[in-house]
Every structure is written in C-alpha cells, then in structure tokens.
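Here is the structure we will look at, set down as structure tokens.
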There are 2 protein chains.
Amino acid sequence: MTMTNRKGASALPLNTILAGDCIEIMNSLPENSIDLIFADPPYNLQLKGELHRPDNSRVDAVDDHWDQFSSFAAYDRFTQDWLAAARRLLKPNGAIWVIGSYHNIFRVGASLQNQGFWILNDVIWRKSNPMPNFRGKRFTNAHETMIWASKSEGAKYTFNYEALKALNEGIQMRSDWVLPICNGGERLKDDNGDKAHPTQKPESLLHRVLVGSTNPGDVVLDPFFGTGTTGAVAKMLGRDFIGIEREAAYRKVAQKRLDGVRKFDREALQVSASKRAEPRIPFGQLVERGMLRPGEELYSMNGRFKAKVRADGTLVGNDVKGSIHQVGAAMEGAPSCNGWTYWAYKQGDQMVPIDLLRQKIRAELAN
Amino acid sequence: MTMTNRKGASALPLNTILAGDCIEIMNSLPENSIDLIFADPPYNLQLKGELHRPDNSRVDAVDDHWDQFSSFAAYDRFTQDWLAAARRLLKPNGAIWVIGSYHNIFRVGASLQNQGFWILNDVIWRKSNPMPNFRGKRFTNAHETMIWASKSEGAKYTFNYEALKALNEGIQMRSDWVLPICNGGERLKDDNGDKAHPTQKPESLLHRVLVGSTNPGDVVLDPFFGTGTTGAVAKMLGRDFIGIEREAAYRKVAQKRLDGVRKFDREALQVSASKRAEPRIPFGQLVERGMLRPGEELYSMNGRFKAKVRADGTLVGNDVKGSIHQVGAAMEGAPSCNGWTYWAYKQGDQMVPIDLLRQKIRAELAN
DNA sequence: GGTTATATTGAATCTCTAC
DNA sequence: AGTAGAGATTCAATATAAC
C-alpha cells in the first residue's frame, strides 16, 4: 500500500483498493483530503419477477443482493450516510459526481442539495446502444443521469473548459454526452466468461469526467469501485485514485485490470489551457518596454473610435481617461470591455490587435 | 364554459382556462376524473446577479416573482401540496408528466415517489439549440428532464407504443428526445412585441407526450398553463383540456392562441417529426473511446509529418498544438486542412486513415 | 428580387484578484 | 468581508438590414 503525505499531513492510501463498507472506510480517512469523488451507488432497482426477451431468453437484470432496499426511507438513510462521509473527505474546492437512473437519482439529487452540495450541472449520458424495451410498454431507457456538484456554493471547483471544448472539436461541451455502453473487449469477464459486474461503466465516460474536472496529480476517490473503471482511467490520466469495494470478487477483477493499465506519457496529458491560467501582463508593460510609445494612437477593432496612449499605461480619448478596458467600455457604452481584444495599433496599413503584443511577452516569459 | 358529464358523474369545466391558485382549484374539481396531467411548475432557479453575453448584451433572465421561493423546504412544501392535489384528480389508470431542470427536478422526483406515484421513465428533452454557457464555467445546460409516472404501481397507464414508433421512423422511441426550443413564429409575443412568457414550451414536445400517453377524447389537465401549449396541442389532437393559470396576462394570451387552433392541424403534426442530421463526430471521441490512445502518433497521409495525440483530443507536433485540422494546416503551411483525411494511424505495417474510425462510430449511432 | 452580412435571443443557480 | 477593477467569454436559429 502506497502511503503519502500531502499538505495537511495525513496519510492517504493512494492507488489502492480498500476492502469493506464504504461509509466506515471513508470515515477513517483524513478530512479535506480528496479532490474529486466519483460515485456509482446501488440503484435500488425493483424488478418484480424475471424479465424475458421476446425469444424467451432471460435478461440478466441487476438483482444482486446489494441492490435490494426495503423502502425509499432505507435508501435515503443509506444515501445520506455515504454522502455525509464523502462530504467530510472532500477538500473545500473539491467536487463530486454521482451517476444513477430514475430509480435512485432523484433521491440522490435531493440529498445532495440538502447536505449543502451545490449542483453545477446534471449531465445526461446518452447511450448509443442501449438495451431495447422488450415489452413495448415504456420508452427505451436510453440514458443515465450524472450530477456534478461542488462541496458548497461559491467554491472554486476545477473545470477544464478549454480541454473539453477541444475534445468536442471547438464547440463548448454540452450537458448531454453521447457515448456507447461498455461492451466488447472492454467489458470484463469473470472466470466463467460471464460479465464480471452488472453495471460496468465505459472508460470513455470517466475520461471525460476526469479530464474535465481534475488536474494531473489530483486524488480521485470512488466509494463504489466495482471493477475499477474510475481507477483505471485515473491511472491512465496521471491522477491518483482510492477505491473502496465491499465484494472480494470485484476487487480481484479490478486489481488485475489496474495492474495492466499504463499511464499515458507526460506530453499527452497536457491539455489545452484557459487564458485565465496564463500570467497577467499589465498594459503598462507594453509602454515600458517600448512596444507602444506614449502619444501613439490606438483604434477600436470596429474602426469607430480612437484613443491615445499615455506614459502611465492609461488611455485618453473623447474626454475619457482610464485603463484600456474602461475607455473601451465608455466608448461603446457597454458595462464592460476587454481592452486587449478591443484595441489595435497601426503598422503600416495594417491594424494589429494589442493582444498580439501581450502574447509576445508571454512567449518570452515561457522560455 | 362547457360542462360535461362523464362516468363517475361529476361535471368538468372542459376546454377552459380556470383563473386562480392551482392547488385550490384542483381541490375543487371531482376526484378520479382526469386522464393525464402535464405540469411545468416553477423551477426555483435562484439566480443571483445579471448575466451578459460576450458581446455585452444582457440576458433576459427568468426573474419573475412566481419563480421565487425562500428555501428548498418552502419549495418542497409547495411541490408536495400541488402533487397531492393532482394525485387526487387522476383516474386510477391516469398518469402525470412533470418537466424541470436540475434546480428542482430531483425534489419533484423524490416527492412523486414519496406520494406513491410510480415512475415509468425519465425522459430527456435534448435541446438542439440551447443557450450556451457564456462564461465557460460549466457545461452548456442543453437539456431538461421530464418525469412520466403512473398513479401507482401496477396501474394500466396509456402508452401508444406503435404510434410513437411510427413518429420515430419505425424505431422504438427512446428516453431522449432531440427537439428545438420554442422560437420563431411559434413564440408568442405580447402587445409590445416582447415574449409573452419566459418559458414557453414547444408544441413538438407536447405533441409527443400526448400522442404517446393519451387517446382521443381523454381529459388533459395542466395546472401551470402559462401560454397554453398543452391546451393548444390537446385541441389539435382531439383531446379535451383543462388549464389553470394564476396570471391574467398569460390567460389572455393563451385564450387568444386557443381560439386560433384548429383540430388536427396538419402543419403541427409535421412540426413534431424531427429531422435527423448526420451526427457530427468530434475527433476527441476517438480518444475517449480508446480507439486512439493519448501519446499515440499520427502520420500525414503523404508521409511527411507526424504528430502526437493528447488526452483532450488535440494534436502536438513540431511545436504546434491544436485540432487535427489546425495542426495539419500548420504543417503543410496551408490555410486549411481536413484533418480527417490528412491523418492516419499505424496498424502493423498499414497506415489507416482516421476517418475510418469516424465512420465506425457513425455506423454505430445509426443503430 | 435575391443573396449576404449583421443583429437579436433563449428556464442561467456563469470570474477572479487585489485592496 | 465587501468592493472595485481587470479581463475572459457564445451556439443555433430567426429577424432585419444591406447590398
């Protein structure tokens, strides 16, 4: 078992599968120590009798003993208990994902809100190849719901907006994700060749969750580890994981799976970063460095306005003085304005946005 | 006001809009008399400040008084009260639909279950043209959730399986529906030319609901009638409706709308048949799905260049980072480049164009 | 009249840092 | 803790204007 020290000092059993009840084990771990929790709790499915396909073959439904709850009240108690334990573990800026279906997700969502978690999105996993509804009595149950929540309102959760936008070829990622269910070679089998776990989640789903809401080196906890999809993807992506699983059979399959996973190389783990993460360059530096001279004129990109650079890095034009942002906003009569992309200078006949000069400085700083 | 006698004998104010508080009015109507309830209750959005688009225009938010609740507890009481009144009205084999967002739907779902309703499906309305996330801080909120429930477990609810299958070009209807939001000519305007209601639902949505879960002659109740989409579609489809609406302004717009609706409007039927476009497959999906691994190398089909795949679906090579198209263009010094046909991966000795992987996903989605 | 830019808008829990 | 200022941020569908 790898133990490690983090700021705050308590030891975490990183990259291991812990055996036992998830509530007890979570309560034994140090508080405020986890960056992200991904949880796929039992679904409280209430299949009465057996289900048969039209050809009379039996559908292998989720009917394991761990999925039977006597009542909604019992399920609520269970949910509240494991959520409270999870909440204690999360760092103040940590976040949680919970996946479920209509059988349980409404109760989970209400409990999350009641405990002070702040819902950021509900995300729909739209299955591209779901099991059809054999009886034709309802809609094909073709999706599951995930809730993404921060520990509390106003917390600074991690969201790699640009990386997800890149994953989606330049268009911001929506709350509905179209991904296939886990089958084929990815679906783990037990020694009899049967599926090892009834609800194994696809790695593609966890890839998107972890790329979007964690950074390399973060600690990801999965209290219902199952066959370890969360751990496998975390390892690939250079995140640390902690798994908790009660059933020995699942732990065995998961450990074997994890042993076979390789981490992607460092360069591949770099993702597109947001501008917010880049160092801040005051406009005055452009003047100090002589990239723009006091007295030089700047022009709005829409060609409608101009202003003059002053020695202290402010602008003046149309009786307005102030920062590049303030003067731009005043000219447009707008509540705010990004001066970096609003203003340009003249180079011969060309209009060059001043943001290019900032980029030049940033490139210098990077070397 | 049309009054009519049904088996059970009590009079129902069919095809009218009742003015007042929906709980009081529902309690004044005869029990076990309604076939279907469609409810679009307040979402309790809890908006804080103002929001501006990147172009500085202001978003016209839903800040109406009817959406304000002091706490989750207050919202829960309201939900339990109107659901109890609705439940009393439903025939034993009646059913209910409730639509909501993550702000309220989990509380609604839990209350439904607590009161003995039996959830049949949760259905996702995937908006083809949602409002984007302007600040890049969350996923585009691109869907709303509907819960479909029978009055109790084992009830013989109405489900027109074949009609829905026909609506869906012969394929079983799934639990996710892609439909555009209500705009254009369908969006009702007030006398000033502004939108008459902040959250008018599209007729296509109600069309699918009513075709699927009612029969001609059924009575459909909408306790939050608004501009009367439920009534308009019910009238077109030959169902009777009862609307309840507290705000006089909404009632006025709705009545005018209803007066203009003809039964079996052909055009409306066509609106509901959504066209299927060829799905766009972002390159990132090949990475998420494990068809290509982060760190793997791609080669240009002309054999001159190579680049490495990153975890967010971008490429990196020769100091250039970006999409498959951007990096291809940069390497060739070309203004643009179709990365799908430009790049290939190695399979043994073979070079396989990545477009083949995209075709594989498309074929999967067609099923 | 027809085609091409430009403007508007939609159920939204939508920033971060320094003072 | 609250405030002020820097500065980052959008997709699809209509409607209207311009050419």
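Note on naming: letters A, B, ... go to the chains in the order of the sequence lines (proteins, then strands), and numbering restarts at 1 for each one. All values below were derived from every heavy atom in this structure, side-chain atoms included, with hydrogens, water molecules and symmetry-related copies excluded.
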What is the distance, rounded to the nearest whole Å, between atom [atom1] of [X] and atom [atom2] of [N]?
{"X": "Gln200(B)", "N": "dG10(C)", "atom1": "CD", "atom2": "P", "result": "11 Å"}
{"X": "Met146(B)", "N": "dA11(C)", "atom1": "CE", "atom2": "P", "result": "15 Å"}
{"X": "His325(A)", "N": "dA8(D)", "atom1": "NE2", "atom2": "C1'", "result": "10 Å"}
{"X": "Lys321(A)", "N": "dG5(D)", "atom1": "NZ", "atom2": "C1'", "result": "19 Å"}
{"X": "Asp55(B)", "N": "dT9(D)", "atom1": "CG", "atom2": "C1'", "result": "10 Å"}
{"X": "Lys189(B)", "N": "dG10(C)", "atom1": "NZ", "atom2": "P", "result": "8 Å"}
{"X": "His197(B)", "N": "dG10(C)", "atom1": "NE2", "atom2": "P", "result": "13 Å"}
{"X": "Lys127(B)", "N": "dT10(D)", "atom1": "NZ", "atom2": "C1'", "result": "16 Å"}

Describe the nucleic acid contact of [X] in one word from base, sugar-phosphate, nothing, applying a heavy-atom distance below 4.0 Å.
{"X": "Pro130(B)", "result": "base"}
{"X": "Pro41(B)", "result": "base"}
{"X": "Asp122(A)", "result": "nothing"}
{"X": "Arg358(A)", "result": "sugar-phosphate"}
{"X": "Ser101(B)", "result": "nothing"}
{"X": "Lys201(B)", "result": "base"}

Judged by each residue's nearest nucleotide on DNA chain D, which is more toward the 5′ side, Ser274(A) or Ser128(B)? Ser274(A)
5' precedence on DNA chain D between Gln326(A) and Lys275(A) (nearest-nucleotide basis): Gln326(A)
N/O donor-acceptor pair under 3.5 Å between [X] side chain and [Y] backbone:
{"X": "His325(B)", "Y": "Gly339(B)", "result": "yes"}
{"X": "Arg87(A)", "Y": "Lys151(A)", "result": "yes"}
{"X": "Asp40(B)", "Y": "Phe224(B)", "result": "no"}
{"X": "Lys201(B)", "Y": "Thr199(B)", "result": "yes"}
{"X": "Ser323(B)", "Y": "Glu169(A)", "result": "no"}
{"X": "Thr214(A)", "Y": "Asp218(A)", "result": "no"}

Six-ring centre of Phe106(A), Arg107(B) cation under 6.0 angstrom, axis tolerance 45°: no
Stacked cation flag Arg126(B) on Trp177(B), 6.0 angstrom / 45 deg: no
So for Ser336(A) and dA8(D), does any side-chain atom that can act as donor or acceptor lie under 3.5 Å from a complementary atom in the base? yes
Donor-acceptor pair under 3.5 Å, Arg53(B) side chain vs dG10(C) base: yes
Checking contacts here: which listed nucleotide ([options]) is nearest the side-chain heavy atoms of [X]?
{"X": "Tyr161(A)", "options": "dG7(D), dT10(D), dA11(C)", "result": "dT10(D)"}
{"X": "Ile171(A)", "options": "dT10(D), dG10(C), dA12(D)", "result": "dA12(D)"}
{"X": "Glu162(A)", "options": "dA11(C), dT9(D), dA13(D)", "result": "dT9(D)"}
{"X": "Trp340(A)", "options": "dC11(D), dG7(D), dA12(C)", "result": "dG7(D)"}
{"X": "Glu144(B)", "options": "dA13(D), dA11(C), dA8(D)", "result": "dA11(C)"}

Hey, do the aromatic rings of [X] and [Y] have their centres closer than 6.0 Å?
{"X": "Phe78(B)", "Y": "Phe69(B)", "result": "yes"}
{"X": "Trp66(B)", "Y": "Tyr43(B)", "result": "no"}
{"X": "Phe134(B)", "Y": "His52(B)", "result": "no"}

Pull out every protein N or O sitting under 3.5 Å from an N or O of nucleotides 13-19 of chain C, one pair per line with the distance.
from    : atom 1 : to        : atom 2 : distance (Å)
dT13(C) : OP2    : Tyr102(B) : OH     : 2.2
dT13(C) : OP2    : Asn141(B) : ND2    : 2.8
dT13(C) : O5'    : Tyr102(B) : OH     : 3.4
dT13(C) : O4'    : His103(B) : NE2    : 3.3
dT13(C) : O2     : Trp118(A) : NE1    : 3.3
dT13(C) : O2     : Arg138(B) : NH1    : 2.8
dT13(C) : O2     : Arg138(B) : NH2    : 2.9
dT13(C) : N3     : Trp118(A) : NE1    : 3.3
dT13(C) : N3     : Ile119(A) : O      : 2.9
dT13(C) : O4     : Ile119(A) : N      : 3.4
dC14(C) : O2     : Asn133(B) : OD1    : 3.2
dC14(C) : O2     : Phe134(B) : N      : 3.2
dC14(C) : O2     : Arg135(B) : N      : 2.5
dC14(C) : N3     : Phe134(B) : N      : 3.0
dC14(C) : N4     : Pro132(B) : O      : 3.4
dT15(C) : O3'    : Lys137(B) : NZ     : 3.3
dC16(C) : OP1    : Lys137(B) : NZ     : 2.9

Using both pair distances under 3.5 Å as the test, note the stems of at least 3 consecutive Watson-Crick or G-U pairs that include DNA chain C. C:2-10 with D:11-19, C:15-19 with D:2-6
May I ask you to evaluate whether Ser323(A) reaches the phosphate of dA6(D), defined as a side-chain N or O under 4.0 Å from OP1 or OP2? yes
